[in-house]
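Quantities reported herein were computed from a predicted structural model and do not represent experimental measurements. Lettering of chains follows the sequences in order, A, B, ..., and the numbering in each one begins at 1.
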There are 2 protein chains.
Amino acid sequence: MPTTTAAQRREQARVEYDAFIKGCPTNQLLDRLSDKWVSLVVAALSGGPMRYSDLSRKIAGVSPKMLTQTLRTLERDGILTRTITPSVPVRVDYALTPLGSSLAGLLTAVKTWAETHIEEVHEARERYDTETA
Amino acid sequence: MPTTTAAQRREQARVEYDAFIKGCPTNQLLDRLSDKWVSLVVAALSGGPMRYSDLSRKIAGVSPKMLTQTLRTLERDGILTRTITPSVPVRVDYALTPLGSSLAGLLTAVKTWAETHIEEVHEARERYDTETA
DNA sequence: CCGCATCCTTAAGGATACTG
DNA sequence: CAGTATCCTTAAGGATGCGG
């Protein structure tokens, strides 16, 4: 009888795995792309700088909390800049950095792939669903 | 006094937004890529077909539930094939389809971008953190 | 060996109200 | 205008045991 259960071994593996991917650039980027608001913000800003209120209007259905949170992490990552104009009322502009623009380029590649292959995916789903039913 | 509150308008916008993205190929693909197990499975299979137990060993820390769930959706989407050999005990092989291979190609592009630019991101973070602190 | 069904936890994200 | 602070829900995902 082993002293470690399957769950314990998996837990151990998970910890090692987490430590591994923590330093993995690809996974860090996927984490960003996985955030649904990130891609929307980057896409919105790819047309040029926007103010906070513009973004909240353009990106329908986003709560102030998530918008701010998303903007902060993207600023920290050097994807966009935050410029405060201390007028009354205050004005804040967000704009993509060169790094942010290159990320937008990646999103364009994803978009292209999606548009090229989505039909195949839909066909595959229909086939799968009819065969399974 | 308006008959709709800000929350109601945002909710309305969210519903429209959801309806919009439901048919948006790019977002459907991002939903897939956002799933952390999806990229790992695709990456694992890009080296060739693997059995269920091989995958669960190679992808450290995955629970049987998530592995099966991931494999099923990918099969449904035509990304991979599932081949059952009715021996005793049963044997099941998973392999990428051509469509799956092209998705793996996209992941490679993401990987390349990440490796190229991760250093800039790290520098940006350090700058941000020291400036904020 | 492969994988489904069940239960349970927890953390992401939404609603809301208030401030500089 | 541009957020911050708080509370609260809910759904993704992990543990586990059984079945084909």
Side-chain angles (χ1 to χ4, degrees), chain A residues 4-15 17-18 31-32 34-41 49-76 80-95 132, chain B residues 4-15 17-18 21 31-41 49-76 80-95 132:
Chain A
T4 56
T5 66
Q8 283 172 331
R9 267 176 273 119
R10 198 159 57 224
E11 168 63 12
Q12 170 65 11
R14 200 187 58 74
V15 170
Y17 162 83
D18 283 349
D31 273 359
R32 281 286 168 284
S34 80
D35 188 332
K36 109 192 207 190
W37 300 120
V38 164
S39 46
L40 291 171
V41 166
M50 294 181 81
R51 301 177 58 173
Y52 183 92
S53 47
D54 291 335
L55 285 168
S56 70
R57 234 169 293 116
K58 171 127 184 179
I59 303 174
V62 69
S63 64
K65 176 185 174 182
M66 291 319 292
L67 183 54
T68 298
Q69 193 177 108
T70 304
L71 291 168
R72 281 302 182 296
T73 58
L74 290 179
E75 185 195 1
R76 185 170 111 96
L80 53 79
T81 57
R82 177 167 174 265
T83 311
I84 305 173
T85 308
S87 53
V88 179
V90 76
R91 172 199 177 110
V92 182
D93 286 274
Y94 293 92
T132 309
Chain B
T4 56
T5 66
Q8 283 173 331
R9 267 176 273 120
R10 199 162 51 225
E11 167 63 13
Q12 170 64 11
R14 202 188 55 76
V15 169
Y17 162 83
D18 283 349
I21 64 164
D31 273 359
R32 281 287 168 280
L33 293 182
S34 80
D35 188 333
K36 110 191 206 189
W37 301 120
V38 164
S39 46
L40 291 171
V41 166
M50 294 182 82
R51 300 179 58 174
Y52 183 90
S53 45
D54 291 335
L55 284 169
S56 70
R57 234 169 293 116
K58 172 129 185 178
I59 303 173
V62 68
S63 65
K65 177 185 174 181
M66 291 319 293
L67 183 54
T68 299
Q69 194 178 103
T70 303
L71 290 168
R72 279 304 179 298
T73 58
L74 290 179
E75 185 195 2
R76 185 171 111 97
L80 54 79
T81 58
R82 178 167 174 265
T83 312
I84 306 172
T85 308
S87 52
V88 179
V90 77
R91 173 199 176 110
V92 182
D93 285 274
Y94 293 92
T132 309

Considering only heavy side-chain atoms of A/R72, the closest of D/dA2, D/dG3, C/dG13 is D/dG3
ask   = OP1 or OP2 of D/dG3 sitting under 4.0 Å from any side-chain N/O of A/Y94?
value = yes
When rounded to the nearest 0.5 Å, the distance separating CD of B/E75 from CG of B/L71 is 8.5 Å
Ranking C/dC2, D/dT16, C/dG14 by distance to the side chain of B/V92, first place goes to C/dC2
Of the listed C/dG13, D/dT16, D/dG14, the closest approach to the B/P64 side chain comes from D/dT16
- Message: Between A/L80 and A/V41, does the side-chain contact (heavy atoms from CB on, under 4.5 Å) criterion hold? Intermediate values first, please.
- Response: CA-CA 10 Å; A/L80 53 79; A/V41 166; 4.1 Å; yes
Whole-Å distance, A/R57 CZ to D/dG3 P, equals 14 Å
In terms of heavy-atom contacts, A/R51 and A/V90 come closest through NH2-O, 4.1 Å
Comparing B/K65 with B/V90, nearest DNA chain C nucleotide closer to 5' gives the residue B/V90
Winner on side-chain proximity to B/W37, out of D/dG14, C/dG3, D/dC1, is D/dG14
Quiz item: With no hydrogens and no angle check, is any side-chain donor or acceptor of B/T68 less than 3.5 Å from a backbone partner on B/K65?
Solution: no
Among the nucleotides C/dC1, C/dG3, D/dG14, whichever has the atom closest to the side chain of B/S53 is C/dC1
Whole-Å distance, B/D35 CG to D/dG14 P, equals 10 Å
When rounded to whole Å, the CG to C1' distance for the pair B/D93 and C/dC2 reads 12 Å
